[in-house]
Protein chains: 2
Amino acid sequence: MTSIRDVARLAGVSPSTVSRVMNQTANVNEEKKQKVLWAIQETGFVPNELARSLYKKNSKIIGVIVPSIDNPFFGELARVIEEEAFLNGYRLTLCSSNHNREKEKANIQMLTRLKAEGIILMTNDETLQEEIEKCNLPIVALDRQIASGNGVSYIHADHYKGSRLAMKHLLECGCKNIVKLREPQVYSSGRQRFAGYVSVCKEYGIPVQYIDCQYDYEDGFRVAEQVLLKYPDVDGILANNDMVAIAVYKVLKKRGYRVPEDVQLIGFDNIAFSHMILQELTTIEQPIKEMGKLAVKAIMEYGQAGKIEQEQVLDVTLIKRETTKERKGLS
Amino acid sequence: MTSIRDVARLAGVSPSTVSRVMNQTANVNEEKKQKVLWAIQETGFVPNELARSLYKKNSKIIGVIVPSIDNPFFGELARVIEEEAFLNGYRLTLCSSNHNREKEKANIQMLTRLKAEGIILMTNDETLQEEIEKCNLPIVALDRQIASGNGVSYIHADHYKGSRLAMKHLLECGCKNIVKLREPQVYSSGRQRFAGYVSVCKEYGIPVQYIDCQYDYEDGFRVAEQVLLKYPDVDGILANNDMVAIAVYKVLKKRGYRVPEDVQLIGFDNIAFSHMILQELTTIEQPIKEMGKLAVKAIMEYGQAGKIEQEQVLDVTLIKRETTKERKGLS
DNA sequence: TTGAAAGCGATACCAT
DNA sequence: ATGGTATCGCTTTCAA
């Protein structure tokens, strides 16, 4: 393992000079510079980031904790974050918590010891207060709220508005008997989405009817059957996210329902797969790209300025596709 | 930032002793031990991994370079790798190369400087020889072959066999006019898959007919149209992977073909989505879990033993689902 | 059992 | 412009 000293020796200069050449941190006599450059080539020297980080007290590491990648939404988010981090000279240490509280704790610990410059949390579990407060790294909660925001920044889409948009769209499509798949209420995203739905019901004097459903495909599959059983006359389903909507779609079709003629269907997230299934899914788009970028930016700013924005709510948009159909004169 | 010295001072012992307590690396007088433990609690001390790594010359970092996460196959692989790495006390630095040669080079460089203990490469570009040879980290190529294997380990599924399995299955299903979507031949996986197909053709005296297709959904969509145009009598399609098969399925249905009655369809990879679409996709399963585990193990073994297995080929299996249908007496 | 001290590899201040 | 040297935080000989 060749070090800066070896290079210095070979070039006949001091380590300081080698450092200066490498980092262009000061002027160096042209001749010596060339010698150093040559010596670096000759030895195949590669600076040790660990040592550099140790001295400079910045690791250029951003920790990312995702709940699990069953849901491509998090995968897409991770990808955006990686891209943005790379552009800014940061690297990304990826941890997946698998909905496992212990593993998540271990991950936060690990990132603290690694001297990560910040953590982007996408985990949906809200029972992690102490861990989060204890580690005093800047934390950005993405798509999730953390109760007593102690130096914790919070970036998320406008779930409330998204749900309202979706619900109103279903109404414009002429649905008379809408069923809501209710998000797990332990997540802030879930509470907000459900509240949006309820608010529209109140406005229009529509009865609130829902069935609880987790955010994943398997549960969507199970719950879809229940919906048809409990509400045989359903003509519109407001799914809690795209993965669930995809499962619901499958059940509907298997049971012989026509979509959107018999039952209209709308998702949430606009993951890539929502337009790959047979009938492209009408859904609410979260600005994934922007969310990822803002998260990285928040952490970088913290490193520089020492402060961090408290909460940022991003806009969502309705993406009309093939699982819903507007009918004239019915809004 | 509290350091080991602060703890030592507070506990009234030397830094060495604190270190010994933390790492249980030697016996320490019980009383002092308790004092140290207390001091750690009191100060909220967290050891600095950077410093530790620097001294111990091992970073416990595994670099993972994926081509892009459009294809969930890589996402699933990354997830398995993370899990296995975590179990063994390693962390994962994730890089996505986006099919960009420059970025990939930069990533390898970066991981070298970071003193990663190894790199798992899933990138499908084969023009990276020099970079790979220059950095002398242990490298594991996953799902991809690297020409002059210089300390490079190679783990991949048996693409050749997989293709043969798929082709034979289509024949057993009674297909008379099969079209192969040919994988990009710059990838070893592509070459092997195509060779498998050709070998079966030869065996059965069937004409080789194919159209070139990238590994992604968009290209699958485009190529599917071409297939129908060029081979209107097609009754079996051997897609190059699941993402493409999903695209093909969509085009077939949109054009009014019945699957599998009119056209049978088979994919490759068995990504999670292959069973989420309306008709579950018949496909060839790659042992994703095993591949990820082996990759991590290979790197760890290198760290310990200094050697690394040269090539490991894993078995694949046919997953019969709903886009093909066996007909009796036709094999 | 314990502490002092010498690194690990790079940086930056302080002289020169 | 350049070199010597202390330093980042931790680990590990080597003595005591």
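Reckoned from all heavy atoms, side chains included, excluding hydrogens, waters and symmetry mates. Here is the naming used below: chain letters follow the sequence lines, and residue numbers restart at 1 for every chain.
Contact check, A/Lys32 against D/dT2: a side-chain N or O comes under 4.0 Å of OP1 or OP2. The phosphate of D/dG9 (OP1 or OP2) has a side-chain N or O of A/Lys57 nearer than 4.0 angstrom. For the OP1/OP2 pair of C/dA10 and a distance below 4.0 Å, the side-chain nitrogens and oxygens of A/Asn48 include no atom meeting the criterion. Of the side-chain N and O atoms in A/Asn23, one or more sit less than 4.0 angstrom from OP1 or OP2 of C/dT11. Close to D/dG3, at under 4.0 Å from its OP1 or OP2, lies a side-chain N or O of A/Ser14.
A heavy atom lying under 4.0 Å from DNA chain D marks the following residues of residues 15-22 of chain A, by number: A/Ser16, A/Thr17, A/Arg20.
In terms of modelled atom types and a separation under 3.5 Å, the side chain of A/Asn71 and the main chain of A/Phe73 share a donor-acceptor contact. A donor-acceptor distance shorter than 3.5 angstrom exists from the side chain of A/Glu82 to the backbone of B/Ser96, with no hydrogens or angles considered.
Distance A/Asn29 CG to C/dT16 P: 22 Å, rounded to the nearest Å. As rounded to whole Å, 16 Å separates atom C1' of D/dT7 from atom CD1 of B/Ile4. When rounded to the nearest whole Å, the span between NZ of A/Lys56 and P of D/dG9 equals 15 Å. Remark: P of D/dG9 and CZ of B/Phe45 are 10 Å apart, rounded to the nearest angstrom. Rounded to a whole Å, the CG atom of A/Leu54 is 12 Å from the P atom of C/dT11. For the pair A/Asp6 CG and C/dA10 P, the computed distance is 9 Å after rounding to whole Å. For B/Arg9 and C/dT2, the CZ to P distance is 19 Å, given to the nearest whole Å. Atoms CG (A/Leu50) and P (D/dC10) sit 14 Å apart, rounded to a whole Å.
At a threshold of 4.0 Å, the pair B/Glu49-B/Arg52 counts as salt-bridged, since one of the basic side-chain nitrogens sits closer than that to a carboxylate oxygen. A salt bridge does not link B/Glu83 with A/Lys103: none of the charged nitrogens is closer than 4.0 Å to a carboxylate oxygen.
Nearest nucleotide to the side chain of B/Tyr55, out of C/dA10, C/dC8, C/dA4: C/dC8.
The number of heavy atoms from other shown groups lying within 6.0 Å of NZ (A/Lys35) does not exceed 12.
Comparing A/Ser3 and B/Val13, the nucleotide of DNA chain C nearest to each residue sits closer to the 5' end for B/Val13. Both B/Ala51 and B/Gly12 lie close to DNA chain C; mapped to their nearest nucleotides by heavy-atom distance, the more 5′-ward contact belongs to B/Gly12.
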Next on the checklist: I'd like to know whether A/Val7 forms a side chain to side chain contact (heavy atoms under 4.5 Å, CB included) with A/Met22, so could you lay out the CA-CA distance, the side-chain angles of the two residues, the decisive distance to 0.1 Å, and finally the verdict.
Outcome noted: CA-CA 11 Å; A/Val7 176; A/Met22 274 183 18; over 6 Å; no
Next on the checklist: Using the rule given for side chain to side chain contact (heavy atoms under 4.5 Å, CB included), can you reason through B/Glu311 versus B/Gln145, listing the C-alpha separation, both sets of side-chain angles and the distance that settles it, and then say yes or no?
Outcome noted: CA-CA 9 Å; B/Glu311 176 167 1; B/Gln145 193 151 38; 3.9 Å; yes
